[in-house]
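Remarks on the structure that follows.
We count ligands from 1, going down the list as the structure has it; atoms in each ligand are counted the same way. Note that this is a predicted model, so its numbers are computed, not measured.
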Amino acid sequence: MKFFEEKRREVMKHIEKFMLEKMNEYLKPIDTIWQPSDFLPDSSRETFFSEIKELQESAQGLSYDLVAVLIGDTITEEALPTYESWLTMVEGVSDNEEGGWMKWTRHWTAEENRHGDLLNKYLYLTGRVNMRAMEVSTQYLIADGFDIGTGHDPYRNFIYTSFQELATNVSHRRVASQAKKAGDTLLSKMCGVIASDEARHAKAYKYFIERTFEVDANEAMLAFEDMMRKKIVMPAHFLREIGMKIGQTFGHFTDAAQRLGIYTAIDYVDILKELIADWHIASVTDLKEDGEKARDYIMALPDRLLRVAERMKNPMLEYKFSWING
Ligand SMILES: [Fe+2]
Ligand SMILES: [Fe+2]
């Protein structure tokens with residue numbers, strides 16, 4: 001166990017160098033990156049109330065399910081304190097306060113923080129949301145934390161974040177395109193810029209793991225296999241509403257997303273395929289016997305999951321969320 005941990009720390013130190021070099025590629029300068037107020041009505045202007053009226057009119061065109069998914073996405077973004085505190089617990093991250101990993105964690109958090117901020121303000125202004133019910137869910141989700149099956153292992157964690165950033169990219173992108181179809185161009189723009197942040201973050205995490213495969217292929221392969229066997233659970237899997245038990249709302253949220261085609265079982269497979277391609281899983285060398293077996297499992301998984309996905313029925317049951325007025 002000791003050897004296992006020491007080797008990972010060594011690899012983390014090794015990757016840290018590249019990360020410091022590449023940070024500016026994966027994160028944007030704070031002075032010029034978009035901020036929530038670039039998209040929202042300016043309350044200091046005389047046109048504020050007419051702009052809100054306009055915002056509310058275009059938000060009327062969004063379907064019930066789409067609003068529900070957007071609220072679920074927002075709560076997920078707003079549980080950022082959970083993700084930051086968990087990242088600092090990953091082996092090798094907090095060894096040095098001013099080191100590359102802590103710097104990355106702070107700067108990543110700072111970018112992510114704008115997502116929940118923007119979506120929350122937008123939802124508040126639409127007039128369609130029971131803000132109190134939504135806020136209770138947010139407080140619950142932060143209080144409940146999550147259990148994503150990674151432990152403090154950096155390999156498992158950054159495989160998870162690679163997957164998850166790609167998944168959030170897909171879901172924000174789809175909300176953007178459905179909002180546009182529904183005539184809400186403001187929401188569409190907002191979700192579009194959030195999606196492109198997520199795409200950059202995915203690139204960073206994929207890059208960390210790519211470097212890991214170069215120096216510790218067998219362990220990286222075993223970690224990838226383990227995460228896929230456990231299945232990548234979404235960070236909001238403990239989602240609940242007022243008066244409910246932990247996790248009780250989560251299934252309704254994912255049903256709505258599946259129904260609308262915002263994030264589906266097929267997307268899960270597509271993300272897996274992308275990771276397999278980007279990490280060149282088929283051509284990784286230096287594997288031991290267990291690593292080879294892990295690779296075989298991973299390579300066969302997309303087809304297996306696709307067959308399962310094809311048999312899956314679209315969840316039809318509509319659910320009344322406490323978050324939505326009327
Ligand atoms: Fe985000
Ligand atoms: Fe993200």
So which protein N/O/S atoms does the Fe ion (ligand 2) have within less than 2.8 Å?
-> E112 OE2, E165 OE1, E198 OE1
In chain order, what residues pass the ring pair (Phe, Tyr, Trp, His ring centres under 6.0 Å) check against H237, with sequence neighbours excluded?
-> none
Those residues that, when tested against Y64, pass side-chain hydrogen bond (donor to acceptor under 3.5 Å, both in side chains) (two or more places apart) | none
Tell me, please, which residues at least two apart from E51 pass salt bridge (Lys or Arg N to Asp or Glu O under 4.0 Å).
-> R45
Taking 4.0 angstrom as the limit, do E219 and R8 come out as a salt bridge?
-> yes
Is any side-chain N of the basic residue among E111 and K28 closer than 4.0 Å to the acidic one's carboxylate O?
-> no
Establish, from distance only, whether the side-chain atoms of S322 and E241 form a donor-acceptor pair under 3.5 Å.
-> yes
